[in-house]
Amino acid sequence: MASLNVGNLGEYLREQRRNAQLSLRQLADAAGVSNPYLSQIERGLRKPSAEVLQQVAKALRISAETLYVRAGILDAERDLNEVETRAVILADPTLDERQKQVLLQIYESFRKENGFGSGEESARAAGDEAGGVRGDGSEAGSDIGGDADSDTGSDAGSDTGPRRTAG
């Protein structure tokens, strides 16, 4: 049963490695794993840890969550949409890493609000990577795209029109 998942994972990894035009040795070096170990993973003889999968995904520039699903670490049926959404956010070249992590946190909070809060561990991991996350899950001292309070001041909502400044 587990060997089937690992076999599918191995085939998928081999396909991704070939698409990236990397030799087995090149991928092993980039991922920081031994060449024989990676070969055994590709042949379905070994089941790698989540950490190894993350290193391989980074070297291949693909989503680690996709590999987790292939390895049976994440439930494919339940988590596929979430994984795809996260992968799209993480792959967006127009966002920096901090912005990606903030978007993932917002996405997870909406999922929880709508009763689909199954990814608490992944949200916590995403928050930990972003840094500045309080124990309650809220972000400490963060703002999106600059100083969020600079135009509103402490009396936000009390103005009826645009502010004018002298000068």
Side-chain angles (χ1 to χ4, degrees), residues 1-112 114-135 137 139-140 142 144-145:
M1 150 170 98
S3 62
L4 290 175
N5 283 342
V6 176
N8 290 338
L9 171 67
E11 292 170 18
Y12 180 76
L13 281 176
R14 183 179 295 119
E15 178 183 321
Q16 294 302 310
R17 177 177 59 79
R18 288 179 177 161
N19 287 342
Q21 298 180 342
L22 293 172
S23 70
L24 191 65
R25 186 175 306 278
Q26 289 171 321
L27 178 57
D29 288 343
V33 299
S34 75
N35 189 29
Y37 182 63
L38 186 58
S39 174
Q40 290 173 346
I41 294 170
E42 281 193 1
R43 290 181 288 143
L45 302 176
R46 296 272 183 166
K47 183 173 182 177
S49 67
E51 182 180 335
V52 168
L53 288 175
Q54 185 176 24
Q55 291 171 252
V56 170
K58 187 181 245 183
L60 288 171
R61 297 181 182 189
I62 62 174
S63 164
E65 287 86 356
T66 302
L67 295 183
Y68 297 159
V69 168
R70 294 274 178 167
I73 295 172
L74 289 177
D75 179 20
E77 293 292 319
R78 190 187 67 185
D79 295 329
L80 188 57
N81 288 336
E82 181 182 359
V83 167
E84 289 174 349
T85 302
R86 288 176 181 278
V88 168
I89 291 170
L90 291 170
D92 189 331
T94 63
L95 302 174
D96 66 32
E97 288 305 311
R98 186 178 141 277
Q99 291 168 331
K100 291 175 185 180
Q101 295 307 321
V102 170
L103 269 177
L104 288 173
Q105 290 172 348
I106 292 168
Y107 171 68
E108 186 60 33
S109 71
F110 283 141
R111 285 182 49 83
K112 286 180 185 174
N114 293 332
F116 295 98
S118 61
E120 284 183 36
E121 287 181 319
S122 58
R124 196 175 312 118
D128 290 346
E129 289 173 15
V133 176
R134 296 184 184 124
E139 193 168 3
S142 175
I144 300 172

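None of these values were measured; they are calculated from a predicted model.
Side-chain contact check for Gln99 versus Leu103: every heavy-atom pair is 4.5 Å or farther apart. At a threshold of 4.5 Å between non-hydrogen side-chain atoms, the residues Glu108 and Gln105 do not count as touching. Using a 4.5 Å heavy-atom cutoff, the side chains of Tyr12 and Val69 are not in contact.
Rounding to the nearest 0.5 Å gives a distance of 9.5 Å between OG of Ser23 and CG of Leu38. Remark: Leu24 CG to Arg18 CZ distance equals 9.5 Å, nearest 0.5 Å. Here CD1 of Ile41 is found 7.5 Å from CG of Leu9. Values are rounded to the nearest 0.5 Å. Here CZ of Arg25 is found 4.5 Å from CG of Asn35. Values are rounded to the nearest 0.5 Å. The CG atom of Leu67 sits 13.5 Å away from atom NZ of Lys58, with the distance rounded to the nearest 0.5 Å.
With hydrogens and angles ignored, the 3.5 Å screen pairs no side-chain donor or acceptor of Gln101 with any backbone N or O of Arg98. Side chain of Lys100 to backbone of Leu90: a donor-acceptor contact under 3.5 angstrom is found. In this structure, Arg46 contributes its side chain and Gln40 its backbone to no donor-acceptor pair below 3.5 Å.
Closest of all the heavy-atom pairs between Gln54 and Ala64 is CA-CB, 4.2 Å.
Remark: Arg14 engages Glu42 in a salt bridge, criterion side-chain N to carboxylate O under 4.0 Å.
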- request: Check step by step if side chain to side chain contact (heavy atoms under 4.5 Å, CB included) holds for Ile73 and Leu53.
  value: CA-CA 10 Å; Ile73 295 172; Leu53 288 175; 3.7 Å; yes
message: Using the rule given for side chain to side chain contact (heavy atoms under 4.5 Å, CB included), can you reason through Leu13 versus Leu60, listing the C-alpha separation, both sets of side-chain angles and the distance that settles it, and then say yes or no?
response: CA-CA 9 Å; Leu13 281 176; Leu60 288 171; 3.9 Å; yes
Pair Tyr107-Val102, side chain to side chain contact (heavy atoms under 4.5 Å, CB included): steps then yes or no: CA-CA 9 Å; Tyr107 171 68; Val102 170; over 6 Å; no
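With no hydrogens or angles considered, a side-chain donor-acceptor pair links Arg43 and Ser39 at under 3.5 Å. One side chain, Ser63 or Glu65, offers a donor N or O that lies under 3.5 Å from an acceptor on the other.
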